[in-house]
Amino acid sequence: MRDLIISAAIMIVLIGSWLIFDSYSEEQLADFSSILEEIIPAVEDGDWDESLSMISDFSDRWHEYRKKALLFLETEEVNEIDYCLAKSEKYIKAEDISNSSGELNSLAEQIIFMYEKQDINAANIF
């Protein structure tokens with residue numbers, strides 16, 4: 001009986017921590033999407049100083065989130081977003097409108113895809 005109680009307690013801790021992370025992740029990914037919606041027009045308008053400042057802030061926030069996300073999400077997905085973010089920053093520094101806006105749009109789609117894939121639903125469980 002004691003083993004059953006210990007097992008149940010461990011399951012409750014695991015499920016509870018996942019639900020807390022899911023709520024936190026939903027907020028963060030929504031914020032990331034809205035930030036990208038502000039950066040893309042700045043890049044397309046050629047406002048490079050503002051774009052660089054915003055992508056730098058985005059990068060800082062992403063890396064904070066990344067530390068927590070690696071405990072719950074697939075490393076591959078998180079790394080793909082890191083690569084895309086690094087390319088976006090380099091394109092913005094190079095003041096390349098086409099490539100930077102393309103990478104930012106790709107980054108926005110990857111964030112949306114990551115949210116859909118990590119969401120708790122029957123399709124993702126089974």
Side-chain angles (χ1 to χ4, degrees):
M1 184 67 171
R2 190 173 89 184
D3 291 338
L4 178 64
I5 294 171
I6 291 171
S7 297
I10 290 171
M11 287 301 296
I12 290 170
V13 168
L14 288 174
I15 293 171
S17 62
W18 177 257
L19 291 174
I20 290 169
F21 173 77
D22 185 55
S23 174
Y24 167 76
S25 184
E26 185 176 345
E27 282 180 31
Q28 291 299 310
L29 294 176
D31 287 345
F32 291 148
S33 293
S34 66
I35 292 170
L36 287 172
E37 288 176 7
E38 295 173 10
I39 297 173
I40 293 170
V43 166
E44 290 173 348
D45 291 341
D47 189 0
W48 299 112
D49 292 332
E50 181 69 22
S51 299
L52 192 57
S53 171
M54 291 184 343
I55 197 71
S56 178
D57 292 341
F58 179 87
S59 180
D60 292 342
R61 291 185 64 192
W62 167 254
H63 285 95
E64 276 298 313
Y65 172 78
R66 183 182 189 278
K67 292 175 189 175
K68 297 169 186 81
L70 287 174
L71 296 173
F72 295 94
L73 303 178
E74 291 181 29
T75 305
E76 195 173 307
E77 291 176 6
V78 175
N79 287 341
E80 284 296 321
I81 291 176
D82 277 340
Y83 299 143
C84 197
L85 179 58
K87 287 192 276 185
S88 297
E89 286 180 293
K90 294 297 181 184
Y91 288 138
I92 289 173
K93 286 179 184 176
E95 298 182 2
D96 184 345
I97 292 174
S98 176
N99 285 327
S100 57
S101 65
E103 282 297 327
L104 288 170
N105 281 305
S106 174
L107 181 60
E109 289 298 317
Q110 285 178 336
I111 287 175
I112 291 168
F113 178 69
M114 186 174 77
Y115 171 71
E116 290 173 354
K117 193 170 179 184
Q118 65 94 31
D119 196 25
I120 298 174
N121 59 36
N124 289 339
I125 293 172
F126 301 108

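Index from 1, following the sequence.
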### side-chain hydrogen bond (donor to acceptor under 3.5 Å, both in side chains) against S59, all qualifying residues, sequence neighbours excluded
H63
### Message
Hydrophobic cluster membership, with links at side-chain heavy-atom distances under 4.5 Å among I/L/V/M/F/W/Y: are I112 and Y24 in one?
### Response
no
### Query
Taking only residues two or more places apart in sequence or in another chain, which ones pass salt bridge (Lys or Arg N to Asp or Glu O under 4.0 Å) with D47?
none
### Task
To the nearest 0.5 Å, tell me how far L104 CG sits from I40 CD1.
5.5 Å
### Query
Who are the ring pair (Phe, Tyr, Trp, His ring centres under 6.0 Å) partners of W62, not counting sequence neighbours?
F32, Y65
### Query
Of all residues at least two apart in sequence or in a different chain, which pass the salt bridge (Lys or Arg N to Asp or Glu O under 4.0 Å) check with E27?
none
### Between NZ on residue K93 and OG on residue S88, distance to nearest 0.5 Å
12.0 Å
### Task
Kindly determine whether L36 and M54 satisfy side chain to side chain contact (heavy atoms under 4.5 Å, CB included), including the steps that lead there.
CA-CA 9 Å; L36 287 172; M54 291 184 343; over 6 Å; no
### Nearest-0.5 Å distance, CZ of residue R2 to OG of residue S7
11.5 Å
#### Entry: For E37, all residues meeting side-chain hydrogen bond (donor to acceptor under 3.5 Å, both in side chains), sequence neighbours excluded
none
### Query
Do any N or O atoms from the side chain of S53 and from the backbone of D49 form a donor-acceptor pair under 3.5 angstrom?
no
### Query
Looking only at heavy atoms, which two atoms of S51 and I39 are closest? And how far apart?
OG-O, 4.4 Å
### Task
Verify the neighbour count for atom NZ of K68: are there more than 12 heavy atoms of other residues, nucleotides or ligands below 6.0 Å?
yes
### Query
Does I12 belong to the same Ile/Leu/Val/Met/Phe/Trp/Tyr cluster as L19, with side-chain heavy atoms less than 4.5 Å apart forming each link?
no
### Task
Return yes if some donor-acceptor pair links the side-chain N/O of S106 with the main-chain N/O of G102 below 3.5 Å, else return no.
no
### Summary
To the nearest 0.5 Å, atom CD1 of I55 lies from atom CD of E38 at 12.0 Å
#### Entry: hydrophobic_cluster_shared for L29 and F113, side chain cutoff 4.5 Å
no
## Note on the structure
Note: with side-chain heavy atoms under 4.5 Å as the link, the other cluster members for L4 come out as M1, I5
### Message
What I'd like to find out is whether the side chain of D31 reaches to under 4.5 Å of the side chain of R61, using heavy atoms alone.
### Response
yes
### Task
State which residues pass side chain to side chain contact (heavy atoms under 4.5 Å, CB included) with S34; sequence neighbours excluded, sorted by chain then number.
none
### Query
Hey, what do you get for CG (L73) to CE (M114), rounding to the nearest 0.5 Å?
5.5 Å
## Note on the structure
For F72, the ring pair (Phe, Tyr, Trp, His ring centres under 6.0 Å) test, sequence neighbours excluded, returns W18, F21
### Task
Name all residues meeting the salt bridge (Lys or Arg N to Asp or Glu O under 4.0 Å) criterion together with E103; count only those two or more places apart in sequence or in a different chain, and write none if there are none.
K87
### Query
Hey, is the main chain of L52 close enough, under 3.5 Å, to the side chain of S56 for a donor-acceptor pair?
no
### Flag if over 12 foreign heavy atoms under 6.0 Å of OH, Y83
no
### Query
Residues two or more places apart in sequence or in another chain: which of them pass salt bridge (Lys or Arg N to Asp or Glu O under 4.0 Å) with D96?
none
### Query
Residues two or more places apart in sequence or in another chain: which of them pass side chain to side chain contact (heavy atoms under 4.5 Å, CB included) with S100?
V43, W48, Y91, I92
### Query
Roughly how far, to the nearest 0.5 Å, is OG1 of T75 from CG of D82?
10.5 Å
### Task
Identify, with sequence neighbours excluded, every residue that meets side chain to side chain contact (heavy atoms under 4.5 Å, CB included) alongside E74.
E77, K117
